[in-house]
Colleague: 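Below are the structure tokens for one structure; questions will follow.
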Amino acid sequence: MQVEEFEGFGGVEYVDDAALCAQVRAGDPRAFHVLWERHVQMARQCALHCTRGSTADAEDAVSEAMLGLLQALRGGRGPVGNVAGYLKCSVRRAAARITARRQRELPVAELPDRPGENGCRVSAYFDAVCAREAFLGLSEQRRTALRLFAIEEQGAGHIGERLGIAAGAASSLVYRSKEALRAGFLRRHVRPASAECAEVMDRVVASLRGRSVRRYTAAVSLHLHRCASCREGRRQLRDVNAGLPQRGRHVR
């Protein structure tokens, strides 16, 4: 039974999570949209608690958990009906990873008051479809920061004022947002055949963008040795990444 068929009987609020999960596994993207709308507020509240009120980190944790849920369902795994419980666990794990990563980050240089002619311009290196998907995959705060920087050409001081954060935090936010956008753009250039392949491609993207985690190296190498499709995906990602701006240097 499709989502629209449920709508004829009083709306999707009467469709239980188990039925929606089954629809996602069957390839219906509308069903996942319903799950998102139903549980995203709960996920955000959980993430805010886990990240001690950091809106940007909470949104990142929610996005990561939701993406994990989608990949799991598409791969035939994931929850059967208790989506809320599954998401809470995923959000907590994602928040812990993000918090640990943030503690290892060093502050970045202050953005100039006005970006120069050679500054980052989203439209310069993203095609229309992948750019839109990658951009919409970012948190609201990151989308706002990129709009202010790349389109309105605002500096860190103004961005921080608009978002209610310090200029230095705004500078770091724009830096992370651009990197997240580039990583999202890369991910949309491959169509993994399975959930395992999707995870490996995510690790490949992280490696290409200079964010690889050493403990995954052996597992990724083994998978690539066995999987011709992922080896081809890695080759494609390398080609695409070669045309993207590389990660900027942190100020020490």
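Keep in mind that this is a model prediction, so the values were computed, not measured. Reckoned from all heavy atoms, side chains included, excluding hydrogens, waters and symmetry mates.
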Colleague: Does any part of the side chain of R147, heavy atoms only, come nearer than 4.5 Å to the side chain of T144, both counted from C-beta?
Modeller: yes
Colleague: Same cluster or not: Y86 versus V34, using hydrophobic residues (I, L, V, M, F, W, Y) connected whenever any side-chain heavy atoms lie under 4.5 Å apart?
Modeller: yes
Colleague: Given L138 and S63, is the side chain to side chain contact (heavy atoms under 4.5 Å, CB included) satisfied, shown in steps?
Modeller: CA-CA 8 Å; L138 298 176; S63 296; over 6 Å; no
Colleague: Would you name the heavy atoms of L73 and R25 that are closest together and state the gap between them?
Modeller: O-CG, 3.1 Å
Colleague: Between V174 and L146, what is the shortest heavy-atom contact and its length?
Modeller: O-CD2, 4.5 Å
Colleague: R77 and A195: which non-hydrogen atoms are nearest, and at how many Å?
Modeller: NH2-CB, 2.8 Å
Colleague: Determine whether more than 12 heavy atoms belonging to other residues, nucleotides or ligands lie under 6.0 Å from atom CZ of R191.
Modeller: no
Colleague: Once rounded to the nearest 0.5 Å, what's the spacing between atom CZ of R203 and atom CG of L224?
Modeller: 12.5 Å
Colleague: Would you say the side chain of M66 lies within less than 4.5 Å of the side chain of S90, judging by non-hydrogen atoms?
Modeller: no
Colleague: Closer than 3.5 angstrom, by distance alone: can the side chain of R188 be matched with the main-chain N or O of G184 as a donor-acceptor pair?
Modeller: yes
Colleague: Side-chain heavy atoms nearer than 4.5 Å, only ILVMFWY residues, links allowed to pass through others: does that put L48 and M42 together?
Modeller: no
Colleague: Check whether any side-chain heavy atom of D60 lies under 4.5 Å from a side-chain heavy atom of R142, and answer yes or no.
Modeller: yes
Colleague: Distance check, rounded to the nearest 0.5 Å: R176 atom CZ versus K178 atom NZ?
Modeller: 12.5 Å
Colleague: Could you report the tightest heavy-atom contact between V62 and A47, atom names first, then the distance?
Modeller: CG2-CB, 3.8 Å
Colleague: Is there a side-chain contact between S229 and C197 in this structure, where contact means two heavy atoms from C-beta onward sitting under 4.5 Å apart?
Modeller: no
Colleague: Would you compute the distance between atom CG of L186 and atom CE of M201 and round it to the nearest 0.5 angstrom?
Modeller: 11.5 Å
Colleague: Provide the closest heavy-atom pair for A170 versus A156 in the form atom of the first, atom of the second, distance.
Modeller: CB-O, 3.6 Å
Colleague: Quick check on E161: does its CD atom have over 12 non-hydrogen neighbours (other residues, nucleotides or ligands) under 6.0 Å away?
Modeller: no
Colleague: Could you grab the distance from atom NE2 of H223 to atom CZ of R231, nearest 0.5 Å is fine?
Modeller: 9.5 Å
Colleague: Just wondering, do Q154 and R162 contact through their side chains at under 4.5 Å, heavy atoms?
Modeller: no
Colleague: Any side-chain to backbone donor/acceptor pair from H33 onto P29? Under 3.5 Å, distance only.
Modeller: no
Colleague: Using a strict 4.0 Å threshold on nitrogen-to-oxygen distance, state whether E140 and R44 make a salt bridge.
Modeller: no
Colleague: Treat each ILVMFWY residue as a node, draw an edge where side-chain heavy atoms are under 4.5 Å apart, and state whether V91 and W36 are in one component.
Modeller: no
Colleague: Supply the atom-to-atom distance S194 OG to Q71 CD, rounded to the nearest 0.5 angstrom.
Modeller: 10.5 Å
Colleague: Tell me whether R74 at atom CZ has more than 12 heavy atoms from other residues, nucleotides or ligands lying less than 6.0 Å away.
Modeller: no
Colleague: Minimum heavy-atom separation for S139 to E59, with atom names?
Modeller: CB-CB, 3.1 Å
Colleague: Determine whether L67 and L237 fall in the same hydrophobic cluster, where Ile, Leu, Val, Met, Phe, Trp and Tyr are linked whenever their side-chain heavy atoms lie under 4.5 Å apart.
Modeller: no
Colleague: Roughly how far, to the nearest 0.5 Å, is the CD atom of E196 from the SG atom of C230?
Modeller: 8.0 Å
Colleague: Salt bridge between E179 and R182, side-chain N to carboxylate O under 4.0 Å?
Modeller: yes
Colleague: Hydrophobic clusters here meaning ILVMFWY residues chained together by side-chain heavy-atom distances under 4.5 Å, can you tell me if V15 and L87 are in one?
Modeller: yes
Colleague: Salt-bridged, D17 to R38, with N to O below 4.0 Å?
Modeller: yes
Colleague: Is C21 close to V80 at the side-chain level, that is, under 4.5 Å between some pair of heavy atoms?
Modeller: no
